[in-house]
Amino acid sequence: MAYKSNNNQVRAKKHLGQHFLNDETVAEKIADSLTLNNYKTVLEIGPGMGVLTKYLLKKPVTTYVVEIDTESVEYLQANYLNLAPRIIEKDFLKYDLNESLNGEPFAIIGNFPYNISTQIVFKTLEMRDQIPEFSGMFQKEVAARICSKEGSKVYGILSVLVQAFYHAEYLFTVPPEVFNPPPKVDSGVLRLTRKEDYSLPCDEKMFFKVVKTAFQQRRKTLRNSLKTFDLSDNLKANSIFGQRPEQLSVASFLELTQLLENDK
């Protein structure tokens, strides 16, 4: 990998939620969390000064990075000459990735800014046909929520929607002191691996609506929280409606959506 030295450090910007990882061991461990199965391209979100990027560039895949911070882009262009043509200076959430990735399958990885991490997950779900794997660092409680199972107090909308399409694994916890500046909370690294069959047995929009509506009043039974669906008396009698949303597995939410679709 060709690069020239540049001692100018990028300044972390609070409005971008930047906390630069400065622990090489952790960076390598995150890079190694990728299985490299079923794709030849990796997209890193928010590479900053490239501490994770340099380990990705050693992998037998083509690495792209998307970075909104001009100062970080200039640093990467100066220090990672091989990467320069594949630096996308755009807002990940607003950019049409296929302008660069041409519809090819790709994995997503990154040390994600806390303030947009949930939005990154939702965009991944929208593009799931192209994203067989997703690995990265979140605020610990968000990573735990995504990977939690029914019965957990943190199980919620993100848990169900992600796990409908992906297998979610919480990999390891990262302490604040390995970042500059240190965040006020621990971080957690997870991996999402798309299911072999990730098609839904019900209407996708309906499924998303059911899950979101149910958890908006998570302490109520489904009979009460889903009143807006105008349930028939026959459907209300089904025992599933006596449960609270956190008690339902992903499979049960899919079954629930089918019941609502077929309610006459």
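Values below: every heavy atom of this structure, side chains too, minus hydrogens, waters and symmetry copies. Numbering starts at 1 and runs along the sequence shown. All of these numbers come straight from a predicted model, not from anything done at the bench.
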Checklist entry - Is Val142 reachable from Val154 through a run of I, L, V, M, F, W or Y residues, each pair having side-chain heavy atoms under 4.5 Å apart? => result no
Checklist outcome for this item: Closest non-hydrogen contact found for Ile109 with Ala31 is CD1-CA, 4.1 Å
Next on the checklist: Checking the side chain of Gln243 only, and the main-chain atoms of Leu248 only, is there a donor and an acceptor separated by less than 3.5 Å?
Outcome noted: no
Next on the checklist: Keeping Arg191 on the side-chain end and Ser33 on the backbone end, is there a donor-acceptor pair under 3.5 Å?
Outcome noted: yes
Checklist outcome for this item: Partner of Phe134 under ring-ring contact (aromatic ring centres under 6.0 Å, His included), picked from Phe165, Phe112, Tyr166, is Phe112
Checklist entry - Are Ile30 and Tyr55 connected in a single hydrophobic cluster, I mean Ile/Leu/Val/Met/Phe/Trp/Tyr linked by side-chain heavy atoms less than 4.5 Å apart? => result no
Item to check | Backbone N/O of Cys147 and side chain of Ser159: donor-acceptor pair under 3.5 Å | outcome: no
Next on the checklist: If you apply the rule side chain to side chain contact (heavy atoms under 4.5 Å, CB included), what do you find for Leu259 with Asn238, and how did you get there?
Outcome noted: CA-CA 10 Å; Leu259 288 171; Asn238 190 307; 3.8 Å; yes
Checklist entry - Closest heavy-atom contact between Glu133 and Leu36? => result OE1-N, 3.7 Å
Item to check | Leu260 side chain reached by Leu235 side chain, heavy atoms, under 4.5 Å | outcome: yes
Next on the checklist: Let me confirm one number: the NE2-OG1 distance from His167 to Thr193, rounded to the nearest 0.5 Å.
Outcome noted: 7.5 Å
Item to check | Ile116 side chain near Leu93 side chain, heavy-atom distance below 4.5 Å | outcome: yes
Item to check | Atom pair CD1/OH of Ile45 and Tyr64 - distance to nearest 0.5 Å | outcome: 15.5 Å
Item to check | Candidate pair Asp263 and Ser232, rule side-chain hydrogen bond (donor to acceptor under 3.5 Å, both in side chains), full reasoning | outcome: CA-CA 7 Å; Asp263 190 27; Ser232 68; 2.6 Å; yes
Next on the checklist: Please check: side-chain N/O of Gln258 versus main-chain N/O of Pro201, any donor-acceptor pairing under 3.5 Å?
Outcome noted: yes
Checklist entry - Between the main-chain N or O of Val26 and the side-chain N or O of Asp23, is there a donor-acceptor pair closer than 3.5 Å? => result yes
Checklist entry - So does Asn234 have more than 12 non-hydrogen atoms from other groups sitting under 6.0 Å from CG? => result no
Next on the checklist: For Glu74 and Thr70: C-alpha separation, side-chain torsions, deciding distance, then whether side chain to side chain contact (heavy atoms under 4.5 Å, CB included) applies.
Outcome noted: CA-CA 6 Å; Glu74 289 173 355; Thr70 302; 3.7 Å; yes
Checklist entry - Do Phe253 and Phe215 pass the ring pair (Phe, Tyr, Trp, His ring centres under 6.0 Å) test, and can you show the C-alpha distance, the side-chain angles, and the key distance before you say yes or no? => result CA-CA 11 Å; Phe253 266 108; Phe215 278 104; 5.7 Å; yes
Item to check | For Asp96, all residues meeting side chain to side chain donor-acceptor pair (under 3.5 Å), sequence neighbours excluded | outcome: none
Item to check | Side-chain touch Glu141/Arg145, heavy atoms, less than 4.5 angstrom | outcome: yes
Checklist entry - Roughly how far, to the nearest 0.5 Å, is the CD1 atom of Ile108 from the CD atom of Glu44? => result 11.5 Å
Checklist entry - With no hydrogens and no angle check, is any side-chain donor or acceptor of Lys40 less than 3.5 Å from a backbone partner on Pro60? => result no
Checklist outcome for this item: Sorted by chain and number, sequence neighbours left out, salt bridge (Lys or Arg N to Asp or Glu O under 4.0 Å) with Asp203 holds for none
Checklist entry - Is the NZ atom of Lys220 crowded by more than 12 outside heavy atoms at less than 6.0 Å? => result no
Checklist entry - Do Pro245 and Tyr155 have side-chain heavy atoms sitting under 4.5 Å apart? => result no
Checklist entry - Do the non-hydrogen side-chain atoms of Leu158 and Phe122 ever get within less than 4.5 Å of each other? => result yes
Checklist entry - Does the side chain to side chain contact (heavy atoms under 4.5 Å, CB included) test come out yes or no for Lys140 and Val185, once each step is laid out? => result CA-CA 7 Å; Lys140 183 183 178 182; Val185 294; over 6 Å; no
Checklist outcome for this item: d(Ile240 CD1, Arg223 CZ) to nearest 0.5 Å is 11.0 Å
Checklist entry - Is the number of heavy atoms from other residues, nucleotides or ligands within 6.0 Å of NZ (Lys123) greater than 12? => result yes
Checklist entry - Thinking salt bridges, do Arg219 and Glu246 make one under a 4.0 Å N-O criterion? => result no
Item to check | Stepwise side chain to side chain contact (heavy atoms under 4.5 Å, CB included) check, Asn22 with Phe179 | outcome: CA-CA 6 Å; Asn22 55 24; Phe179 296 93; 5.8 Å; no
Next on the checklist: Given 3.5 Å as the limit, does a donor-acceptor pair link the side chain of Gln130 with the main chain of Glu104, or not?
Outcome noted: yes
Checklist entry - Any cation-pi pair here, Lys54 with Tyr80, using under 6.0 Å and within 45°? => result no
Checklist entry - Within 45 degrees of the axis of the six-membered ring of Phe207 and under 6.0 Å from its centre: does Lys212 put its NZ or CZ there? => result no
Checklist entry - Roughly how far, to the nearest 0.5 Å, is CG of Asn115 from CD of Gln139? => result 10.5 Å
Checklist outcome for this item: Scanning both residues in full, the closest heavy-atom pair of Gly103 with Asn98 reads N-OD1, 2.8 Å
Checklist entry - Just by distance, with hydrogens left out, do Tyr170 and Ser148 show a side-chain donor and acceptor under 3.5 Å apart? => result no
Checklist entry - Distance-only, no hydrogens or angles: does the Gln77 side chain make a donor-acceptor pair with backbone N or O of Leu83 under 3.5 Å? => result no
Checklist entry - When rounded to the nearest 0.5 angstrom, what is the spacing between CD1 in Ile131 and CD in Glu126? => result 9.5 Å
Checklist entry - Of the non-hydrogen atoms in Ser72 and Asp69, which two are nearest, and what is the gap between them? => result OG-OD2, 2.8 Å
Item to check | Flag side-chain contact, heavy atom, 4.5 Å: Gln119 against Phe92 | outcome: no
Checklist entry - Would you call Leu171 and Lys29 a side-chain contact if the rule is heavy atoms closer than 4.5 Å? => result no
Next on the checklist: Could you check whether any side-chain heavy atom of Leu56 comes within less than 4.5 Å of a side-chain heavy atom of Leu34, counting everything from C-beta outward?
Outcome noted: yes
Item to check | Donor-acceptor under 3.5 Å (Glu150 side chain, Val160 main chain) | outcome: no
Item to check | Residue pair Asp186 / Pro175: nearest heavy atoms and the distance that separates them | outcome: OD1-CA, 3.8 Å
Item to check | Heavy-atom closest contact (Val51 atom, Ala27 atom, distance) | outcome: O-CB, 3.6 Å
Checklist entry - Is it true that a side-chain atom of Thr213 and a backbone atom of Val210 form a donor plus acceptor pair closer than 3.5 Å? => result no
